[in-house]
Amino acid sequence: MTSAFWVDTDHVKKNAPKFEDVGSAVADIHKALTGKLEAEGDPFEDDSPYKQGFEEKYKDPKKQADDYFTDVAKSIKQIGEGLLEMAQTYDKGDQASDTKFS
């Protein structure tokens with residue numbers, strides 16, 4: 001039983017940069033959401049007994065969410081870079097084997 005493995009590297013190279021666009025869109029959504037939340041202002045008056053408790057409980061989850069969105073945007077962009085590199089490497093290997101066995 002034989003099987004063939006091939007990659008449409010032209011298709012991969014053409015579409016890999018779209019991951020940059022998706023990663024940028026995620027970053028833009030995060031920025032817009034952050035801006036909207038900040039525009040709402042402080043939900044408590046300065047002397048509210050709930051203010052300190054809320055801020056303490058909100059601080060870590062907010063940082064985790066911010067880090068998550070930042071990491072997701074970066075990771076999506078890196079996937080595109082990796083796909084492009086993979087396609088280029090595949091082409092080089094394919095060309096090398098063509099040369100060697102021709």
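All values below come from the heavy atoms of this structure, side chains included, with hydrogens, waters and symmetry mates left out. Given the structure is predicted, the values throughout are model-derived calculations rather than measurements.
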A.B. asks: Quick one: CG on D71 to CD on Q78, what's the gap to the nearest 0.5 Å?
C.D. replies: 9.0 Å

A.B. asks: Hey, are the side chains of N15 and K18 touching, using non-hydrogen atoms and a 4.5 Å cut-off?
C.D. replies: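 Counting from C-beta outward, N15 and K18 do come under 4.5 Å.
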
A.B. asks: Between V7 and V12, does the side chain to side chain contact (heavy atoms under 4.5 Å, CB included) criterion hold? Intermediate values first, please.
C.D. replies: CA-CA 8 Å; V7 175; V12 173; 4.1 Å; yes

A.B. asks: Looking at every non-hydrogen atom in both residues, tell me the closest pair between Y90 and W6 and how far apart they are.
C.D. replies: OH-CA, 3.3 Å

A.B. asks: Apply the test side chain to side chain contact (heavy atoms under 4.5 Å, CB included) to residues Q88 and L84: give CA-CA distance (whole Å), side-chain angles for both, the deciding distance (0.1 Å), then the verdict.
C.D. replies: CA-CA 6 Å; Q88 292 167 340; L84 184 57; 3.8 Å; yes

A.B. asks: Table please: side-chain donor-acceptor pairs of residues 20-39 below 3.5 Å, with sequence neighbours left out.
C.D. replies:
residue: S24; atom: OG; partner: E20; partner atom: O; Å: 3.0
residue: H30; atom: NE2; partner: D66; partner atom: OD1; Å: 2.9
residue: T34; atom: OG1; partner: H30; partner atom: O; Å: 2.9

A.B. asks: Please round to the nearest 0.5 Å and tell me the distance separating atom CD1 of I76 and atom CZ of F19.
C.D. replies: 8.5 Å

A.B. asks: Do the side chains of M86 and T9 get nearer than 4.5 Å, heavy atoms only?
C.D. replies: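 Not touching, per the 4.5 Å side-chain cut-off.
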
A.B. asks: Pick out which of K62, E55, E56, K57 makes a side-chain contact (heavy atoms from CB on, under 4.5 Å) with K59.
C.D. replies: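 It is E56; the other options fail the test.
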
A.B. asks: Mind checking whether K13 and D91 have side chains closer than 4.5 Å, heavy atoms only?
C.D. replies: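 Sidechains of D91 and K13: in contact.
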
A.B. asks: Under the ring pair (Phe, Tyr, Trp, His ring centres under 6.0 Å) test, which residues partner Y58, sequence neighbours left out?
C.D. replies: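 Y58 satisfies ring pair (Phe, Tyr, Trp, His ring centres under 6.0 Å) with F54 only.
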
A.B. asks: Please name all residues satisfying side-chain hydrogen bond (donor to acceptor under 3.5 Å, both in side chains) with K63, sequence neighbours left out, ordered by chain then number.
C.D. replies: D67

A.B. asks: For a quick test of reading the model, state the closest non-hydrogen atom pair linking L83 to A16 and the distance between them.
C.D. replies: CB-CB, 4.1 Å

